[in-house]
Structures are given as structure tokens and as C-alpha cells.
Participant: 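For reference, the structure I am asking about is given below.
Atom set for the values below is all heavy atoms of this structure, side chains included, hydrogens, waters and symmetry mates excluded. Chain naming here is simple, since letters A, B, ... match the order of the sequence lines and numbering starts at 1 in each. Here the structure is a predicted model, which is why all the values come from computation and not from measurement.
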Amino acid sequence: MLLTQLEKEMLDGTHGKAAKKSMEILVTLGEIYGAERMVEVRSVQVAGVSYANLGEPGLEYLAEMAEDGKVRVLTTLNPAGMDLENWRHLGIDPKFAKNQERVIKAFETMGIVTTCTCTPYLVGNLPLFNEHIAWSESSAVCFANSIMGAKTNREGGPSALAAALTGRTPMYGLHLDENRQARIRVDIKTDVRGTNDYGTLGKVIGDSIGDKIPYITGVKSPSLEELKAFCASIATYGGTALLHIEGVTPNRTNVPPEAMEVTPPEIEKAERELNDETTIDFVGIGCPHASIHEIKRIAELLKGKKVAKEVWIATARPTKQMADRMGYTATIEASGAKFACDTCFAVAPLKGRFKGLATDSAKGCFYGRGRNKFLVKHCSLEECIAEATR
Amino acid sequence: MKLTGRRIFHGKASGEALVTKEAISFYGGVDPETATVVEKGHQIEGQCIAGKVLCFPKGKGSTVGSYVLYQLKKTGKAPVAIINRECEAIVAVGCIISEIPSVDRIDVDQIKTGDLVEVDAENGVVTIK
């Protein structure tokens, strides 16, 4: 790879141990994937934050990097394994909490902004069109590439951290325009409305095209929340890191000749696959993290009611601070529902605590089943709240 | 016999080869405490990878797998070297952060489990004794 003077210095250790290790990672990845050079990034989002995933060795690695590593660009974190302030209330084991705090401390020492969220674009880490970035979380990667028109590969935890500590990433994959062209046209021949419907649509498309880049037609002015749900689902079920939607997304692409249609029967089949026979004892909203607009809607639905089940609303802490100011938090908490900031019901260690999860998130269904062994019900936000108060 | 590939992470090591034709997921597929392959139905399920020259086509699964290799190294249970047909990001990053000598673009079918293998990763050379 062709390296600049500064990059060579990082590689030979002039800028410290952490920068050296980081540059070794980036150069090796660049060589594996045939990158000719590095590209400077403006924003990084690091995954591998939950202690449940990192374990002691992951933490040890982060602590080692934190000895002399400092980020060179704006960097935020993916959700952690718990609410960093309110974990007791959510029933998290104190031993786990202690270890999770050590993880966050290591990131903080490196200068990372410790907002732990899968929606960094809602809380101050908003990449611009054509900007090169290095993000990790699959839904955020898909959103940044597709909706914002930024350019990122899907990074693993260590490679994203390496990008943060050097301000660079190898230029390959989705950093190159020729790899951002649509490969299949997907014509939507059915009405899609609400975050749950968009999640189901993401599953239908993801299941059938895998990680091919789609050019999607027939979708009418989806909202921010619907796009957030759609990107999360298609990335979960298909591994999609970039998509194009006619009249919605900003990237230029050729329209491919190969095409498929999505009709009501496919949606109904996917909807059946997203639902288990179960009784619900847990309701989870905010996968990806709830926006202020969604929280407002939840407050309206819960006003004056009491929940009869455990209800978590996962969101980024700055989003909740807006909700605090608007009184939404007070209304929601008066019902007995709980906020889970910095974390979510997909990454928190909840196995064995609940049996049946109701959620409006198709992604939440996948990880609720896989990681936490829940049975799931996939329904609209309104039905989730109705289920919670039943 | 001498095979030549590409350096992923430098270093020299030798040991007994453990070979599989199947991809390995280190996260979920290998027990980080015992270094045993635990993926159900995997060709080398139940075998311990500690101290071996581990030969497999490529990595798969979650990127957390890189940290599993790091954990194995820290507890002295990592493979002494890794040989792949085509290395991908999870194994590459795992080898770099754990400092495990590693080479790819090697026809791993030429190596048999139990062979004594020398790896000179810097030069991408694998020698079967």
C-alpha cells in the first residue's frame, strides 16, 4: 500500500504503541482487500462495547490501547450491555455493571464520546454526503451509506477503533464508487406503513437478495423512523450495507436489469415467520434506538395508563434528555414503563429473565430470539403499547 | 515440502498441524476457556486448537471472534500459527492483536492433521517436514 509520511510514522511506532497496532491492523486489512492507499475519515462509530461480548480479553485489549491511544476524529460508541446510570433499576448484576464501567472508562480515556447508541446520527455524529467514515453497527452503517450518502464499510470493533486512533481506513469496498452500484431492482407492489411494516419488508428483501445492493422502487416518502427500521432489518436479514430507494436516497446508481417484486403474500409469509406462539411478559421498543418523535408517540399512548408487563424503551441518552424536558419521560415512567439508555434489549444480558418479547422491530425479533432466547411477537408500536397495558 | 503464500502477521513458529476443510467461527464456535472447537457438526468439533498450527480455509461469523483469539493468546491457549486459504478480516485482526504468526493463500489441502509444520510468516513460507 502507498502510505503517507504520517502513516509510515504511525506504523513504525513514532506516534506510540496504540497508533502502531492500529496502523498494522489497517495496512493488513488494506492488503487483504486490495486497497491502494488509506483514506482519511471524519467520523467513527465503534462496536464491541457490551462486556457480555468483549469479556475480560476484549477489555484487556482496550485497556492496552488506552495506555497511549487517543482518537483523531469524532468517535462514538455502539450500545453497551446496560444503562450506564440506571442499571440497578433494570435488574443488571452489579458484577457485570462493574466490568461494563471498566470498558466505558477505557474508551473514555481514548477520547471517545461515550454516547452508546446505534443511532449516532440522531445525537451529534451525523456524517455528510460523500464523507468517508468508519462505522461498525450494521443498521447505522446501512443508514449512513444509504440515507446520508456517506461512505463506510462494515467495520469490526478493533478495525473501527484502529480507524479512530489513526483517523484513517483502507480505501476499498464501499469507499469506492464502483462498488456502490445497485445489483438488483426490487419493485414494491404492496402498501408499507409504520416501523413494523418496514421491518418486515427489510426481512423479505434481505432474505431473498442477501448482501446484493438493491435499487428499490414503489416506496412512498418513508419517515426517518421507518427508514431506521428498514435499514436495521435489511442489514440483519441480508447483511446489506448499502441500498438505494428511488426518489428517497441521494446516491447515484445505475438501475440494474435484474428485478424482483415484493407482493402482499411475501409480506404475510415474513410476518408469520416473525411471530411465535407465545404469551408476552416483556415489551421492547427502540431497536434501533427510539427517536424523540417515537418517544412522544409512546407518551401519548401511555398517558394515564399503567403497564402490566416489563416495558423497556431503548434510546440514546441525549434523546432521553429531550424527553425529560418535554415531560414525556414523566408520563412514560408514571405508567411503570422504563427507559433503557445506552443499551437495548438485544445486547443486554437478559436470557432467562423473560419469556415472550413484543416489539415493533424485526431486527429486535432476530436478536431477541438468538441472543436472549425469547419467543417473539412482531407488531406495530400501538399494538406493543396495547399489549403492555393488557 | 514448501508452500508459499502471503504474510498476514509476522513471526516464526512450528508445531503439529490441525487441519479442517471447514471455515471456523471463533466467536461461538470455539470455547475461549478450553480452546476446544464446539460448533455442532464441525469437522473438528471437540478438538483442541491450543499449541497447534491451525489450518482452515477462512474465518466466518461475528467480528467478536478477533477478541476470542486474543483471549486464547493471553491464557496461553492460542494456536502457535494460523494458515488460511484466504484470510478475512476477523482472523486477520485477531492474529494482529494477538501477535499470532499467520499466512494465507496456502493450499491447506496439502497439509494433513499431525504433520509437523514450520511457519515463517514474514516470508509467507510454510514447510511440511
Participant: Would you say that more than 12 heavy atoms from the other residues, nucleotides or ligands in this model lie under 6.0 Å from the NZ of B:Lys12, or not?
Facilitator: no
Participant: Heavy-atom pairs under 4.5 Å with chain B are the metric here; pick the option from A:Met65, A:Arg154, A:Glu64 that has the most.
Facilitator: A:Glu64
Participant: Does any heavy atom of chain B fall under 4.5 Å from the side chain of A:Leu29, the backbone, both, or neither of them?
Facilitator: side chain
Participant: If we define contacts as heavy-atom pairs under 4.5 Å, which of A:Gly48, A:Ala47, A:Ser136, A:Gly58 has the most with chain B?
Facilitator: A:Gly58
Participant: What residues of residues 83-112 of chain B sit under 4.5 Å from chain A when you count only heavy atoms?
Facilitator: B:Cys87, B:Glu88, B:Ala89, B:Ala92, B:Val93, B:Ile96, B:Ile97, B:Glu99
Participant: Any carboxylate oxygen within less than 4.0 angstrom of a Lys/Arg side-chain nitrogen, looking at A:Lys363 and A:Glu137?
Facilitator: yes
Participant: Where on A:Leu59 is there a heavy atom nearer than 4.5 Å to chain B: the side chain, the backbone, both, or neither?
Facilitator: neither
Participant: Mark yes or no for whether A:Arg180, through its side chain, and A:Asn145, through its backbone, hold a donor-acceptor pair below 3.5 Å.
Facilitator: yes
Participant: Could you point out which residue of A:Lys151, A:His175, A:Arg168, A:Glu40 forms a side chain to side chain donor-acceptor pair (under 3.5 Å) with A:His132?
Facilitator: A:His175
Participant: Counting only non-hydrogen atoms closer than 4.5 Å, does A:Glu56 touch chain B with its backbone (N, CA, C, O), its side chain (CB onward), both, or neither?
Facilitator: neither
Participant: Is it the case that atom NZ in B:Lys60 sees more than 12 heavy atoms from other parts of the structure closer than 6.0 Å?
Facilitator: yes
Participant: Pairs in or reaching into residues 117-129 of chain B: which pass side-chain hydrogen bond (donor to acceptor under 3.5 Å, both in side chains), with residues at least two apart or in two chains?
Facilitator: B:Glu118-B:Lys129, B:Asp120-B:Asn123
Participant: Can you confirm whether B:Gln43 is buried at CD, in the sense that more than 12 heavy atoms of other residues, nucleotides or ligands lie under 6.0 Å from that atom?
Facilitator: yes
Participant: According to the interplanar angle, ranging from 0 to 90°, do the rings of A:Tyr33 and A:Tyr172 count as parallel (below 30°), tilted (30 to 60°) or perpendicular (above 60°)?
Facilitator: parallel
